[in-house]
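As the structure is a computational prediction, the values presented were derived from the model and not from experiment. Within every chain, numbering begins at 1; the chains are lettered A, B, ... in the order of the sequence lines, protein sequences first and strands thereafter.
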Amino acid sequence: MKPISVGGVRERHHMLRTIRAYFQEQDFLEVSTPMLVPSPGTEVHIESPQVHGLAAHPLWLAPSPELQMKQLLTQGYERIFQIAHAVRAEEQGDRHEPEFAMLEWYRTTPDLNTLMDDTVELVRRTARALTGAETVALNGRSIPLSGPWSVRTIESLYAEHGYDAFTLAQHNETEFFQVYVDRIEPRLGWGKPTLVTEWPAPFASMAQRNPKNPRVCDRFEAYVGGIELCNGFVELTDPVEQEQRFREASEKRVRLGKSPYPIDTQFIAALKRGMPPSSGNALGLDRLLMLCTGAPRIQDIIAFPQRSMAPLRSP
Amino acid sequence: MYDTSDIKKGLKVVFDGAPYTVVEFQFVKPGKGQAFTRTKFKNLVTGSTLERTFKSGEKLAPADTEERDMQFLYREGDQWVFMDVSTYDQVLVQDEQMDDTRGYLVDGTQVTVLFYLQRPIQITPPTFVELAVTHTEPGFKGDTSSSITKPATMETGLEVGVPPFINIGEVLKIDTRTGEYVERVKK
């Protein structure tokens with residue numbers, strides 16, 4: 001493994017060039033959406049800082065460009081990608097920075113397989129650009145990226161540890177995630193990268209439920225060496241169900257003692273005008289760079305990492 | 001009470017009535033899931049380790065511990081006698097509790113003693129100590145290479161790898177974190 005340039009500046013340049021070249025080949029439009037948004041969305045477990053002093057109406061730093069990029073899809077753009085900065089509060093560690101780089105792309109084809117193919121190709125090409133081979137090394141172990149990646153359902157991963165994923169998802173969310181971070185995630189993607197599919201419907205986020213099996217949603221995550229790289233969905237386009245999910249997530253935030261976020265009415269209005277069937281993926285670029293450089297900490301490949309932040313405490 | 005945002009290396013907490021210190025921790029959070037802090041602890045009394053994953057915001061009970069600067073006075077049979085340098089109180093520590101620390105202490109050495117529920121549970125020597133060599137084989141003449149070491153026994157019984165030019169009676173600076181030779185002390 002080559003030594004990493006200070007802050008990973010050179011490696012990042014090569015990664016971004018590789019990504020842009022891929023999307024150019026695929027006839028994508030590179031777009032740019034605001035960091036300041038009227039609502040950060042309503043993910044139950046994503047904390048967003050509000051920005052004061054800019055406008056009379058409330059503004060937040062976007063935790064992802066998702067809501068705005070989907071509005072572009074409703075305006076007729078068919079294949080779009082963005083290399084965005086995203087901000088999430090209370091997330092800092094060896095794999096988390098409060099401000100991070102996110103690659104997000106959408107196609108107006110409601111197909112998870114195409115998204116997975118994009119993901120595999122982007123990771124392979126980036127590794128080739130940075131390491132000269134379709135291989136990454138982590139903790140002294142070499143992980144081949146060529147050859148077919150492993151595909152695992154959530155149900156089968158939990159069954160290995162004697163759990164029924166659907167029962168846990170329904171009745172004990174904390175245990176669901178505790179089992180995930182303790183026993184499942186650290187082992188994912190070591191022999192070869194792993195795509196984790198068929199997430200239980202309660203964790204659909206903004207993915208559509210599978211039309212044939214409504215217990216699961218059309219969502220996948222990719223793992224290499226225990227590192228989560230992305231979250232991809234076949235997108236929920238139904239405004240009624242979307243508004244309902246926002247409302248439920250808000251109520252859940254309140255139950256957990258967190259402050260609720262407003263529902264993004266511009267986004268719901270755009271869905272009502274009609275969003276084409278689509279799929280989209282969000283991939284953490286700093287983590288991809290970690291993998292392809294062998295950096296043990298995300299801060300090693302960020303030119304200006306934040307100093308250790310004391311987490312915000314909910315009032 | 002502490003919560004997960006207080007977790008850092010060296011934090012001392014109680015589990016099941018036993019005191020532990022944090023040796024490693026990692027923030028973990030699935031993109032769409034709850035945040036946790038994966039934490040590795042060491043039992044302050046037995047030295048055994050324990051891994052726990054805490055949900056963000058979960059509470060941890062602080063261990064009732066206190067660190068005091070003390071001086072090692074002397075050893076009497078199975079007991080090591082320490083004195084608090086500010087109150088002159090004396091404390092007895094059983095030999096089996098001394099672990100590796102016993103190899104670093106000579107009469108008068110300043111140490112930090114960790115008390116849990118008023119009882120001494122851990123003796124921390126200074127980072128560097130100076131100890132005299134009581135036995136070592138003669139080195140090869142003229143061999144100044146520092147990459148080769150030979151065994152030497154210190155006045156405390158501690159065995160240290162030292163450069164070939166070291167002789168009996170010389171005083172050496174030892175790093176107590178690694179147990180390694182640092183340099184010869186000119187006296």
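Neither the backbone nor the side chain of A:Phe203 comes within contact range of chain B, judged by heavy atoms closer than 4.5 Å. Both the backbone and the side chain of B:Lys32 have a heavy atom closer than 4.5 Å to some heavy atom of chain A. Both the backbone and the side chain of A:Thr174 come within contact range of chain B, each with at least one heavy atom under 4.5 Å from a heavy atom of that chain. Contact annotation for A:Glu43: only side-chain heavy atoms (C-beta onward) come within less than 4.5 Å of a heavy atom of chain B. Interface remark: A:Pro63 contributes no atoms to any contact with chain B (heavy atom separation under 4.5 Å).
By the neighbour-count criterion of 12 heavy atoms within 6.0 Å, atom CD of B:Glu183 is densely surrounded, having more than that number from other residues, nucleotides or ligands. B:Lys150 NZ: more than 12 foreign heavy atoms inside a 6.0 Å radius. When the shell of 6.0 Å around CD of B:Glu76 is examined, it contains 12 or fewer heavy atoms from other residues, nucleotides or ligands. Other residues, nucleotides and ligands contribute over 12 non-hydrogen atoms within 6.0 Å of the CG atom of B:Asn167.
Residues B:Arg38 and A:Pro186 are in side-chain contact: their nearest non-hydrogen atoms beyond the backbone lie under 4.5 Å apart.
Atom CG of A:Asp94 is separated from atom CD of B:Gln26 by 5.5 Å, given to the nearest 0.5 angstrom. Within the model, atoms NZ of B:Lys29 and CD of A:Glu91 stand 4.5 Å from one another, a figure rounded to the nearest 0.5 Å. In this structure, the separation between CD on A:Gln178 and CD on B:Gln34 is 8.5 Å, given to the nearest 0.5 Å. Here the straight-line distance linking atom CD of A:Gln92 with atom CZ of B:Phe27 works out to 9.0 Å at 0.5 Å rounding.
Listed here is the closest heavy atom pair of B:Pro30 and A:Tyr180: CG-CD2, 4.2 Å.
The choice from A:Val44, A:Asn231, A:Val181 that makes the most heavy-atom pairs within less than 4.5 Å of chain B is A:Val181.
In terms of modelled atom types and a separation under 3.5 Å, the side chain of A:Glu228 and the main chain of B:Gly31 share a donor-acceptor contact.
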